A.B. asks: 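Submitted below is the structure of interest, expressed as structure tokens.
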2 protein chains.
Amino acid sequence: MVTIADVARHAGVAPSTVSYVLTGKRSISPQTRTKVRESIRLLGYHPHAGARALATSRANVVALVLPLRPGVHLPVLMRFVTAAVTAARRHDMDVLLVTADQGAQGLRRVAGSAQVDGFLVMDVELDDDRVPLLRQVAQPSVLIGRPAAVKGLTCVDLDFEAAGARCVDHLADLGHRYIGFLGAPSVVYQRNTGYAQRTMAGFGAAAMRRGIASTALPAEDDYESVLTSVRSLLRTQPAMTALVVHNEAALGWVAGSLRALGRKVPDDVAVVAICPDELAEQMQLTSVQLPAEELGRQAMELLVARLNGHPTAPLTLLPPKLSGRASTAPRLRRA
Amino acid sequence: MVTIADVARHAGVAPSTVSYVLTGKRSISPQTRTKVRESIRLLGYHPHAGARALATSRANVVALVLPLRPGVHLPVLMRFVTAAVTAARRHDMDVLLVTADQGAQGLRRVAGSAQVDGFLVMDVELDDDRVPLLRQVAQPSVLIGRPAAVKGLTCVDLDFEAAGARCVDHLADLGHRYIGFLGAPSVVYQRNTGYAQRTMAGFGAAAMRRGIASTALPAEDDYESVLTSVRSLLRTQPAMTALVVHNEAALGWVAGSLRALGRKVPDDVAVVAICPDELAEQMQLTSVQLPAEELGRQAMELLVARLNGHPTAPLTLLPPKLSGRASTAPRLRRA
DNA sequence: TCCGTGTGTTGAAGCGTTTCGACAACATTA
DNA sequence: TAATGTTGTCGAAACGCTTCAACACACGGA
């Protein structure tokens, strides 16, 4: 292994000088700088990460804590991950993978051994058992998702309330006056999953604000129950001309159910989904997407900010983006 | 931070003694051992990873090099990853994530700075530009996939030839005598992707061995061309009673095409797929799966073996496993 | 001429481990 | 009893880097 001493000898300077050239923490004359740089290049020198970590007590590594539990949408997760990794690299940080199955143990170990400078925790739930742990360890952390109490934390999430509202606004602007909401399976609401409720709340509030009649129902993820839910929405509100769907699994059955009930999309009933973009793209649905890249990037930036001692807000909510597609159209006043 | 010196002081021994308790590299009296252990527990001591890496020139970290290029099947990739991470943890190793977009640069940096002890490279192609790099760096590596020349490397892969053969054998055992093969899009064969050819070769050889008439065709991934390919297979070989499909994207259209041509699965034509297990499960297809967990685990075990100086074979091929499902049935001799 | 003020460079002291050689203390053999 | 192992422990020297205090030097101002 080629060390800083080798470089120093080769360039005819002191090791400390080489260090200062590398870190730029002191002014170095242009001559020495280029001389040292040349020696570094020639010898193929790379600073030893461990030694550096020891000396600076900074590992330049952040832990990425992934859930990998069943039910996470992998393509979206991967987009988080790549965005986070890319952002990390921009700040000369590397990423250590910590899977959730390593559990509390893993977090503590990684934190205690100073292997990482901070934690990026993905897919945080309303009542996440990792949160108390993260409060204990020395390293700062940023969470993607929104636990019940964000005080003292740094969290990033999509503004689901705004997302629900955005759907209503879009439909209202198109002239719709009676809108239905097809939600997640009821078990999700029972589990207090946070984002589901918040979307609903945002939807409901926006409807009230715009003077729009709204009806909401949960939906399970098989054709039969989607059909039942849609039928009962239409029965409750026969004038319904638009549907907001917040349920990835049900999405595939919605168009079919509507067709089975004699309604065409978008002419009779417009549909807006809240779902990963690729799903919406595939089915040609107007949708509010989960901005995975943006979330991953933001989270990492916030983490880096905290590592550099900058204060950060406990909760950063990203504004929803709506992409118009074939499933919505202006409401034409029929003769 | 609590250091080994703190522990030593607390336990009334020398730092080196604590170290020996931790590593077990010298015999320590039971009394001191428990005393030291107790102090460690009490003070919540964790060895500093950087310091350890510096002293031992072993980071206890392996790099996981992911492609993340479009077209990789993410659920399968994730199963690789979790299996690899789990295996790594069993050997007290952590996993650093290196995405391919960091490219050669990233590999060199991570290797040069001694951040990792080895590389686990996923989704290696026949002519992979990472391979020459890996030969240069000091750390050993294990590849999942099979590049053109494996000499001096350590590679793990599914035995695709055997997989092709396994399908034939299964069908032959059921009494089928005329079997078709629906392959990947022709562009894949042109690209020399290795595994596609090897599957074909295995299929063809097994058919010859069993005295079975076989016809093979590539298939694109839209309904029209799948239909065309299936029709032309049936025209070439009207007595065909079974189909081996090695094309994830086409899979969805196969049953429909057969139905459109008046053939029922499995009564008229049996189907065996070579694809990720969940796809097969979902469509109830008899299939040979990609043993992702097994590959990830094996790869990590091999890497650990190499790190410990054990020699490893340049190529480890995992035997294919066939799961019988509803799409195959014994060939009944019709009246 | 002397003094302060920058600027560029250096030597040495850490950072927290591991590990080697040394050395007591005790047990075993001659 | 002396010589020889064996076992358990210790002190100190690495490992490769950063960083602080110190210093040499040149510069302009009194």
Side-chain angles (χ1 to χ4, degrees), chain A residues 1-37 39-40 43-61 92 94 109-117 138, chain B residues 1-37 39-40 43-61 92 94 109-117 138:
Chain A
M1 167 158 216
V2 32
T3 75
I4 203 173
D6 298 329
V7 175
R9 209 169 311 124
H10 185 270
V13 297
S16 47
T17 306
V18 178
S19 176
Y20 287 125
V21 168
L22 244 28
T23 62
K25 294 198 176 171
R26 282 208 183 172
S27 58
I28 295 286
S29 73
Q31 301 93 295
T32 3
R33 201 189 350 253
T34 53
K35 205 170 42 177
V36 168
R37 289 243 172 84
S39 299
I40 289 179
L43 302 182
Y45 167 73
H46 287 267
H48 187 285
R52 190 169 250 188
L54 182 55
T56 57
S57 46
R58 275 275 229 149
N60 285 324
V61 176
D92 273 310
D94 277 290
R109 183 178 48 79
V110 165
S113 64
Q115 260 190 110
V116 302
D117 304 322
Chain B
M1 167 158 214
V2 33
T3 74
I4 202 172
D6 298 329
V7 175
R9 208 169 311 122
H10 185 270
V13 298
S16 47
T17 305
V18 177
S19 177
Y20 286 126
V21 168
L22 244 29
T23 62
K25 294 198 176 172
R26 277 198 188 178
S27 57
I28 296 287
S29 73
Q31 299 93 294
T32 4
R33 202 192 344 253
T34 53
K35 205 170 45 179
V36 168
R37 288 244 173 84
S39 300
I40 289 179
L43 302 182
Y45 166 72
H46 286 269
H48 187 286
R52 192 170 248 188
L54 181 55
T56 59
S57 46
R58 274 273 228 149
N60 285 325
V61 176
D92 274 309
D94 278 288
R109 181 178 49 79
V110 166
S113 64
Q115 259 191 113
V116 301
D117 304 322

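Protein chains get the first letters and strands the later ones, always in sequence-line order, with residue 1 at the start of each. All values reported here derive from a predicted model rather than from experimental measurement.
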A.B. asks: Measure from CD on B/Gln31 to C1' on C/dA25 and round the result to the nearest Å.
C.D. replies: 14 Å
A.B. asks: Does A/Ile28 offer a backbone N or O that forms a donor-acceptor pair with the side chain of A/Thr32 under 3.5 Å?
C.D. replies: no
A.B. asks: Where do B/Gly50 and A/Ala53 come nearest, in terms of heavy atoms and distance?
C.D. replies: CA-CB, 4.5 Å
A.B. asks: Distance-only, no hydrogens or angles: does the B/Thr34 side chain make a donor-acceptor pair with backbone N or O of B/Pro30 under 3.5 Å?
C.D. replies: yes
A.B. asks: Restricting to nitrogen or oxygen on both sides, can you table the protein-nucleotides 6-8 of chain C pairs closer than 3.5 Å?
C.D. replies:
{"from": "C/dG8", "atom 1": "OP2", "to": "A/Ser27", "atom 2": "OG", "distance (Å)": "2.6"}

A.B. asks: With distance as the sole test, does A/Thr23 use its side chain to make a donor-acceptor pair with the main-chain N or O of A/Ser19 at under 3.5 Å?
C.D. replies: yes
A.B. asks: Mind calculating the distance between CD (B/Gln115) and P (D/dC15) to the nearest angstrom?
C.D. replies: 21 Å
A.B. asks: Would you check if the side chain of B/Asp117 reaches a backbone N or O of B/Arg58 as a donor-acceptor pair within less than 3.5 Å?
C.D. replies: no
A.B. asks: I need the A/His48 NE2 to A/Ile4 CD1 distance, nearest 0.5 Å.
C.D. replies: 13.0 Å
A.B. asks: In whole Å, what is the span from the NZ atom of A/Lys25 to the C1' atom of D/dC17?
C.D. replies: 11 Å
A.B. asks: Which pair of non-hydrogen atoms, one from B/Ser39 and one from B/His10, has the smallest distance, and what is that distance?
C.D. replies: OG-ND1, 2.8 Å
A.B. asks: Please report the closest heavy-atom contact between A/Pro15 and A/Ala8, naming both atoms and the distance.
C.D. replies: N-CB, 3.6 Å
A.B. asks: Please report, rounded to the nearest Å, how far the C1' atom of D/dG16 is from the CZ atom of A/Arg9.
C.D. replies: 13 Å
A.B. asks: Name the pairs: protein N/O against N/O of nucleotides 11-17 of chain C, kept only if under 3.5 Å.
C.D. replies:
{"from": "C/dG11", "atom 1": "O6", "to": "A/Ser16", "atom 2": "OG", "distance (Å)": "3.3"}
{"from": "C/dT17", "atom 1": "OP1", "to": "B/Tyr45", "atom 2": "OH", "distance (Å)": "2.9"}
{"from": "C/dT17", "atom 1": "OP1", "to": "B/His48", "atom 2": "N", "distance (Å)": "3.2"}
{"from": "C/dT17", "atom 1": "OP2", "to": "B/Ile4", "atom 2": "N", "distance (Å)": "2.5"}
{"from": "C/dT17", "atom 1": "O5'", "to": "B/Tyr45", "atom 2": "OH", "distance (Å)": "3.0"}

